[in-house]
Novice: 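One structure, as structure tokens, below. Some questions next.
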Amino acid sequence: PGYTGWFRPGKTLAGFFEIIRNNSSSSSCVKAGSKWHVDVKCEHSECMEGRSKFYVRAYGPAIVTGKVRDNGDGSYRISFNLVDPGSYTVEVVLTFSKTQTWRSFPLISQRDPDYEGYLLPGFPLQLSVLSTKRTKSNVEQKSLPLCSKQQLIEDNSNSAL
């Protein structure tokens with residue numbers, strides 16, 4: 001795949017995608033627990049209707065899968081909810097440029113679409129997730145009771161009722 005260093009073949013539309021904006025375009029930082037997103041758009045006529053499929057993830061202190069919203073016009077919003085602070089690498093990989101609609105199944109005379117697996121231009125992105133921990137000086141610390149193992153784990157079917 002493209003993210004391991006192989007060149008993009010001519011049959012993929014991955015090269016026609018571009019980042020059009022993200023919610024932290026002036027900075028690559030986001031607070032832990034906040035949603036972060038990036039918008040991408042395909043400028044090729046074959047993908048202007050949408051229906052492209054992606055593999056999206058951010059990896060760092062945690063591996064987080066993202067969510068893709070197809071706007072139906074060749075543009076997509078890719079979002080992540082990053083909870084753990086630290087440095088992340090965001091990957092957006094085009095898996096299929098144009099998928100079939102449900103109405104076109106079963107595929108009798110057509111062959112299955114080819115898996116592409118290439119990073120979109122501009123990716124991977126580097127992102128810093130900042131801690132939201134508050135210090136004792138600006139927030140009063142509360143001591144809450146901890147749960148015991150017995151309170152957290154059901155050990156028989158009767159206790160679950």
Side-chain angles (χ1 to χ4, degrees), residues 1-134 147 149 152-154 160:
Y3 57 90
T4 58
W6 297 100
F7 68 94
R8 285 189 194 107
K11 67 179 180 171
T12 183
L13 296 179
F16 292 95
F17 281 84
E18 65 178 336
I19 297 172
I20 52 177
R21 78 180 147 273
N22 67 46
N23 64 331
S24 59
S25 56
S26 61
S27 169
S28 59
C29 296
V30 65
K31 287 183 182 178
S34 300
K35 283 198 174 186
W36 180 86
H37 69 266
V38 61
D39 296 325
V40 297
K41 184 167 180 73
C42 182
E43 296 297 334
H44 193 281
S45 60
E46 285 189 38
C47 57
M48 294 301 284
E49 300 172 0
R51 299 197 330 254
S52 294
K53 301 297 179 209
F54 303 90
Y55 174 74
V56 296
R57 74 175 182 171
Y59 58 92
I63 298 173
V64 182
T65 55
K67 182 178 178 182
V68 178
R69 183 182 75 204
D70 184 347
N71 297 321
D73 61 355
S75 68
Y76 302 84
R77 170 156 289 181
I78 297 144
S79 58
F80 293 91
N81 188 13
L82 299 160
V83 177
D84 296 317
S87 295
Y88 286 83
T89 300
V90 177
E91 291 182 339
V92 177
V93 176
L94 179 67
T95 54
F96 296 98
S97 295
K98 191 172 183 180
T99 57
Q100 302 295 325
T101 63
W102 283 108
R103 283 183 240 126
S104 64
F105 284 95
L107 300 174
I108 297 169
S109 62
Q110 300 172 350
R111 59 185 264 264
D112 289 340
D114 293 324
Y115 175 79
E116 296 175 52
Y118 295 95
L119 270 174
L120 298 188
F123 291 93
L125 292 175
Q126 299 303 311
L127 183 63
S128 293
V129 178
L130 306 174
S131 176
T132 57
K133 285 186 178 179
R134 298 180 179 169
C147 297
K149 179 181 171 184
L152 294 174
I153 299 173
E154 297 294 337

Novice: The criterion is side-chain hydrogen bond (donor to acceptor under 3.5 Å, both in side chains); which residues satisfy it with E46, sequence neighbours excluded?
Specialist: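 For E46 there are no side-chain hydrogen bond (donor to acceptor under 3.5 Å, both in side chains) partners, ignoring immediate neighbours.
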
Novice: State the OH-CD1 distance between Y88 and I63, to the nearest 0.5 angstrom.
Specialist: 10.0 Å

Novice: First locate atom OG1 of T95, then atom NZ of K53, and finally report the distance between them rounded to the nearest 0.5 Å.
Specialist: 8.5 Å

Novice: Inspect the surroundings of CD in E43 and state if more than 12 heavy atoms from other residues, nucleotides or ligands are less than 6.0 Å away.
Specialist: yes

Novice: The criterion is side-chain hydrogen bond (donor to acceptor under 3.5 Å, both in side chains); which residues satisfy it with Y76, sequence neighbours excluded?
Specialist: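 Partners of Y76 under the side-chain hydrogen bond (donor to acceptor under 3.5 Å, both in side chains) test: S52.
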
Novice: Just to verify, what does F17 make a ring pair (Phe, Tyr, Trp, His ring centres under 6.0 Å) with, not counting sequence neighbours?
Specialist: F54

Novice: Compare every heavy atom of L119 with every heavy atom of A14, then report the nearest pair and how far apart it is.
Specialist: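 That closest heavy-atom pairing would be CB-O, 4.1 Å.
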
Novice: Which pair of heavy atoms, one from S128 and one from S87, lies closest together, and at what distance?
Specialist: OG-OG, 4.3 Å

Novice: Side-chain contact test, heavy atoms from C-beta onward, threshold under 4.5 Å: evaluate it for K41 versus D73 and give yes or no.
Specialist: yes

Novice: Report the residues that fulfil ring pair (Phe, Tyr, Trp, His ring centres under 6.0 Å) with F80, sequence neighbours left out, ordered by chain and then residue number.
Specialist: none

Novice: For C29 and L127, work out which heavy atoms get closest and say how close.
Specialist: N-CD1, 4.2 Å

Novice: So, do F16 and P121 sit near enough that their side-chain heavy atoms are less than 4.5 Å apart?
Specialist: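 SC-SC contact between F16 and P121 ruled out.
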
Novice: Grab the two heavy atoms, one from V56 and one from K67, that are nearest each other, plus how far apart they are.
Specialist: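 What the structure gives for the nearest pair is CG2-N, 4.2 Å.
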
Novice: What's the shortest heavy-atom distance between V40 and F123, and which atoms?
Specialist: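 That closest heavy-atom pairing would be CG1-CE1, 4.0 Å.
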
Novice: Without swapping roles, check the side chain of D70 against the backbone of R51 for a donor-acceptor pair under 3.5 Å.
Specialist: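 It does hold such a pair.
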
Novice: About how many Å separate CG of L120 and CD of E91, when rounded to the nearest 0.5 Å?
Specialist: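 Here the interatomic distance stands at 11.0 Å.
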
Novice: List for me each residue that meets side-chain hydrogen bond (donor to acceptor under 3.5 Å, both in side chains) alongside T89, sequence neighbours excluded, and say none if there are none.
Specialist: Q126

Novice: If you measure from OG1 on T65 to OH on Y55, what distance do you get to the nearest 0.5 Å?
Specialist: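 Interatomic distance, T65 OG1 to Y55 OH, rounded to 0.5 Å: 8.0 Å.
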
Novice: Should V90 and I78 count as side-chain neighbours, where that means a heavy-atom distance under 4.5 Å?
Specialist: no

Novice: Can you name the closest pair of heavy atoms from T132 and K31 and give their distance?
Specialist: CG2-CB, 4.0 Å

Novice: I'd like to check the side-chain hydrogen bond (donor to acceptor under 3.5 Å, both in side chains) partners of D84; sequence neighbours left out, ordered by chain and number.
Specialist: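 Here no residue qualifies.
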
Novice: CD1/I19 to CG/L125 distance, rounded to the nearest 0.5 angstrom?
Specialist: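 Output value for this atom pair is 4.5 Å.
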
